[in-house]
Number of protein chains: 2
Amino acid sequence: MTLTDLRYLVALARERHFGHAAERCNVSQPTLSVAIKKLEDELAVTLFERSAADVKITDIGARIVAQAEKVLLEAGQIKELATAGRDPLSGPLKLGVIYTIGPYLLPHLIPRVHEAAPSMPLLIQENYTARLAESLKRGDLDVIVVALPFEEPGIVTQAVYDEPFRVLMPAGHAWEKDERIAAARLAEAPLLLLGAGNCFRDQVLEVCPMCRSGEGLQRTLEGSSLETIRHMVATGAGITVLPSSAADPLPGGNSLLTVRPFEAPEPFRRIALAWRVTYPRSGAIDVIRSAILGSPLQGVRPVTR
Amino acid sequence: MTLTDLRYLVALARERHFGHAAERCNVSQPTLSVAIKKLEDELAVTLFERSAADVKITDIGARIVAQAEKVLLEAGQIKELATAGRDPLSGPLKLGVIYTIGPYLLPHLIPRVHEAAPSMPLLIQENYTARLAESLKRGDLDVIVVALPFEEPGIVTQAVYDEPFRVLMPAGHAWEKDERIAAARLAEAPLLLLGAGNCFRDQVLEVCPMCRSGEGLQRTLEGSSLETIRHMVATGAGITVLPSSAADPLPGGNSLLTVRPFEAPEPFRRIALAWRVTYPRSGAIDVIRSAILGSPLQGVRPVTR
DNA sequence: GCGATGTATAGTTAATCTCTATCGCAGACA
DNA sequence: TGTCTGCGATAGAGATTAACTATACATCGC
């Protein structure tokens, strides 16, 4: 029993004539004859009474034809589903973003994605890189926004933008007089850092290797966020390093804080999209990338690959 | 897209492993691989993300698999319907009976059929032979009970029983003294006859050709029935001829009427079943035949063919 | 009976399905 | 870093099935 057989069956039930039904199915009359006979043999019931005068459907035949129509209808739905699902911009996209990007990127990203792909709702999760990577590999996420380096088997990445780091200090801080700050000086100040697991913490420590070892002045704030740290800096608890997208939007709006760039070579992080090599909705990824690049993130430089 | 493809699809969605899914489907892994690929090409969507680690179903894939399961379920119903419909004794049987048999046969027939085939309800129609024949050929009836001769293209008949004719007269009638009545004498009496269209009318007239021609004493009662005529005979309106099944049950119960057989050669009618050559439920017909022969019809002789 | 109509069958060709064998890729492990 | 292993994809051969054309067969109407 194949779907083709069922189509023949339904056609014959409608036409009550092998020749006409065959024509409607674009096959020859013997083809249809044989198919119906095969079906009857397989089901071990007589579906039609054939006579010279006409073709009559049996009671059981009528019931089976009705069921066959249902099957064909449901089968047709598969094609409809496929057509609807063919558009990579239709259907929800599961997006993951690291904690140190989300709050600054998402407010810009979301309306842009919604405009570019109205029928692609975003299901967003913020988390640490490691957690995002896990979810991505498991299939719980489709695309993630992370900082490079990011190497995972089966995962491809595409750099989107570079983002310079800034020094954030309370207004009136001694360094305020300097246009730019040398990275090495971070070791001299009470540096507020995110907790372990945040890749940004590691990147900051990489900028200032002195800070890492021994008993520096830095304080690690577990369970904190860049925003919390920023508030703490404003109260004079210390200084910190922020990515430009988190640091730059505020001056003019916050008289308690001062932002300074680093001396060259300016430290920065490279933000990238990552997805499974096998992920088929590349169009959706393109939309995300464009939306990110279209977002007014302070100080970032697009990476043209 | 075939039902087999859908089975492969569903198996793979369950197993998430081409090899295992193939095994479950009793095919080789390449067979399943190719089938899935073919489906994906045909639907122009990616149903699964394959990687070395595992097989992930895409969102659209999951929706299509759900639909495929629905299709397979409905397709399975076809087999169930066929199995249920395979029994010729299941499902209603449309039975036609001529007017001059119905009232005497059906009260016996129905309980017997119900006993022999409890899940075969009878849909019964009483009518003239011509009308029954028409319905039978159209498919509105499955089997009819008629008197022979009955020749119709595409229709086969099977004689069931012979039924002798009786003369019915009012009690105290002059012929009451005779043990048997000669057919020719019918022309001498006021003979009450059914209206045109009743085959029994013609059969009676055949018994007594004298009655047919000219201005006899017979009276045709259009729109009447054997029962009506019997009542009329009881009131002395005339005599009549009845089939034995209609005439014999009453003596002892009706002191107003007298029944006499004919002289040899005793006239009779041959009752038969008729159905379309193509009608597939021969088992149902056998049940009807047996039920008729098992019915206590007065004076009838089974026809063993 | 004979022709017309309509379905079934025969025989052939073509498509398709399925198989075995093998490739190629990616992750795991030493 | 090289090798091993598991797994899906691919290639080519063989078998099955589906379709066609031609024709046989059955039935009914004339």
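Each chain gets a letter, A, B and so on, in the order its sequence line appears, and its residues count up from 1. Just the heavy atoms: all of them, side chains too, but no hydrogens, waters or symmetry mates, feed the values below.
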Rounded interatomic separation in angstrom, taking CD1 from B:I57 and P from D:dG8: 14 Å
Residue A:T4, side-chain heavy atoms: nucleotide from C:dG27, C:dC17, D:dA19 that is nearest: D:dA19
Of B:I155 and B:D54, the one whose closest DNA chain D nucleotide lies more 5': B:D54
salt_bridge(A:R14, A:E69) N-O dist < 4.0 Å: yes
Whole-Å distance separating the CG atom of A:N26 from the P atom of D:dA19: 12 Å
A:D41 CG - D:dT17 C1' separation (whole Å): 15 Å
Interatomic distance where NZ belongs to A:K56 and C1' belongs to D:dT27 [whole Å]: 13 Å
Given D:dC7, D:dT10, C:dT9, the nucleotide with the shortest approach to the side chain of B:P30: D:dT10
Contact nearer the 5' end of DNA chain C, comparing A:P153 with B:Y8: B:Y8
Any donor-acceptor pair under 3.5 Å from A:Q203 side chain to A:P267 backbone: no
Selected nucleotide, minimal atom distance to A:H17 side chain, candidates C:dT7, D:dA18, D:dG8: C:dT7
Closest nucleotide among D:dC20, C:dA8, D:dG29 to the A:Q29 side chain: C:dA8
CZ on A:F150 to CG on A:L136, rounded to 0.5 Å: 6.5 Å
B:S28 side-chain N/O to C:dC19 phosphate OP1/OP2 under 4.0 Å: yes
Nearest to side-chain heavy atoms of A:K37, which nucleotide of D:dA9, C:dT9, C:dC19: C:dT9
A:K137 (side chain) donor-acceptor with A:P153 (main chain) under 3.5 angstrom: no
Touch class at under 4.0 angstrom, heavy-atom based, for B:K38 against every strand present: sugar-phosphate
B:R276 CZ to C:dT7 P, straight-line distance once rounded to whole Å: 16 Å
Check ion pair A:R63-A:D59 (N to O, under 4.0 angstrom): no
Spacing between A:L47 atom CG and C:dA8 atom P, to the nearest angstrom: 12 Å
Residue closer to the 5' end of DNA chain D, A:T2 versus B:E152 (nearest nucleotide): A:T2
Short side-chain N/O contact from A:R50 to OP1 or OP2 of C:dA8, under 4.0 Å: yes
Distance in angstrom units between B:L12 CG and D:dC7 P, rounded: 13 Å
Protein-nucleotide distance (A:M1, atom CE; D:dA18, atom C1'), rounded to Å: 17 Å
Any B:S33 side-chain nitrogen or oxygen under 4.0 Å from OP1 or OP2 of D:dA9: yes
